Amino acid sequence: MPGHAKSDAAKHRAVRQAHDDLMSRAAAAYRLELQKPDAQQRSSRTVCHDFQKLYFEETGTFIPLNHVTLIRLASGGRSLSKANESKSWLTPEEAQAVVAYATELADRRFPMSHKRLKEHIDAICRARLGDTEAGVGKQWTQRFTDKHADQ
């Protein structure tokens, strides 16, 4: 929203996304390095350093990259964001459906409250996970709306 500072969570998400994008670019470059003969290969530290420097020249922002993480990602590992995404209450498709539903209700002048949003998401989770008493927590809907505020 214009005229308002971003929340700390929104800033953290932006930095995490930039880090993941930069790390995936570095991992692709490191995989190409591994295909070269041993004498011509650059180390993972060198690749990290080069991409840190390149990103700083492009944006003016320094993002540190860990060479061990680069090796793990180049060998087929998952990023922290992807690992956390698999632990989410909602799948990405379900989250988009909830956002579309909330937007549709808002367009019809019936904005969704946090209580109604929680009930809706709990119903989706019960349908997918079976009849369970567990549901999302009290602050979950606030974090969900913060995460999807741009939509």
Side-chain angles (χ1 to χ4, degrees), residues 1-103 112 114 117-151:
M1 177 176 274
H4 293 279
K6 288 184 180 179
S7 68
D8 288 341
K11 291 176 192 175
H12 189 284
R13 265 192 304 280
V15 169
R16 170 55 64 187
Q17 183 63 41
H19 179 272
D20 287 349
D21 292 343
L22 184 60
M23 189 58 93
S24 66
R25 288 172 42 198
Y30 185 63
R31 279 191 290 273
L32 291 175
E33 287 293 325
L34 293 177
Q35 294 175 357
K36 294 179 181 178
D38 288 340
Q40 297 176 353
Q41 285 182 8
R42 293 184 304 159
S43 70
S44 60
R45 287 178 196 259
T46 305
V47 172
C48 284
H49 178 71
D50 292 347
F51 273 87
Q52 289 175 126
K53 185 177 176 184
L54 178 70
Y55 188 79
F56 184 77
E57 290 170 356
E58 289 174 358
T59 64
T61 304
F62 178 76
I63 295 182
L65 301 178
N66 187 311
H67 70 282
V68 177
T69 304
L70 177 65
I71 293 169
R72 184 178 48 78
L73 290 177
S75 65
R78 293 188 303 173
S79 69
L80 181 63
S81 299
K82 294 293 181 189
N84 286 338
E85 188 177 288
S86 68
K87 296 185 281 186
S88 176
W89 278 99
L90 298 176
T91 64
E93 296 80 21
E94 290 170 341
Q96 289 304 316
V98 168
V99 169
Y101 178 64
T103 304
M112 189 176 269
H114 285 279
L117 179 61
K118 180 184 177 347
E119 292 169 356
H120 186 69
I121 291 171
D122 286 345
I124 291 172
C125 291
R126 276 193 298 276
R128 183 168 40 92
L129 301 173
D131 191 26
T132 179
E133 293 296 319
V136 297
K138 292 180 181 179
Q139 295 297 317
W140 192 92
T141 58
Q142 180 64 45
R143 290 189 306 271
F144 181 81
T145 54
D146 289 346
K147 181 178 180 181
H148 298 283
D150 59 334
Q151 298 173 350

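All heavy atoms count here, side chains included; hydrogens, waters and symmetry mates do not. All values derive from a computational prediction rather than experimental measurement.
- Within the structure, salt bridge (Lys or Arg N to Asp or Glu O under 4.0 Å) contacts touching residues 136-151 (residues at least two apart or in different chains) do not occur.
- Every residue two or more places apart in sequence or in another chain that forms a side-chain contact (heavy atoms from CB on, under 4.5 Å) with Pro64 is listed here: Gln52, Phe62.
- Remark: Ala102 pairs with Met112 by the side-chain contact (heavy atoms from CB on, under 4.5 Å) rule, at least two apart or across chains.
- For Tyr101, the ring-ring contact (aromatic ring centres under 6.0 Å, His included) criterion is met by His120, not counting sequence neighbours.
- Listed by chain and residue number, nothing satisfies the side-chain contact (heavy atoms from CB on, under 4.5 Å) test with Val15 (two or more places apart in sequence, or in another chain).
- Residue pairs meeting the salt bridge (Lys or Arg N to Asp or Glu O under 4.0 Å) criterion with at least one partner in residues 50-77, sequence neighbours excluded, are Arg25-Glu58, Arg42-Asp50.
- When the side chain to side chain donor-acceptor pair (under 3.5 Å) test is applied to Ser43, the partners found at least two apart in sequence or on another chain are Thr46.
- Residue pairs meeting the salt bridge (Lys or Arg N to Asp or Glu O under 4.0 Å) criterion with at least one partner in residues 86-98, sequence neighbours excluded, are Glu94-Arg128.
- Contacts classified as salt bridge (Lys or Arg N to Asp or Glu O under 4.0 Å) and involving residues 11-21 (residues at least two apart or in different chains) are given here: Arg16-Asp20.
- Taking the side chain as every heavy atom from C-beta outward, Leu70 and Leu65 never approach each other to under 4.5 Å.
- In terms of the side-chain contact (heavy atoms from CB on, under 4.5 Å) criterion, Ser24 has no residue partners (sequence neighbours excluded).
- Residues that satisfy the ring-ring contact (aromatic ring centres under 6.0 Å, His included) test with His114, not counting sequence neighbours, are absent from this structure.
- Considering only residues two or more places apart in sequence or on other chains, Tyr55 meets the ring-ring contact (aromatic ring centres under 6.0 Å, His included) condition with none of them.
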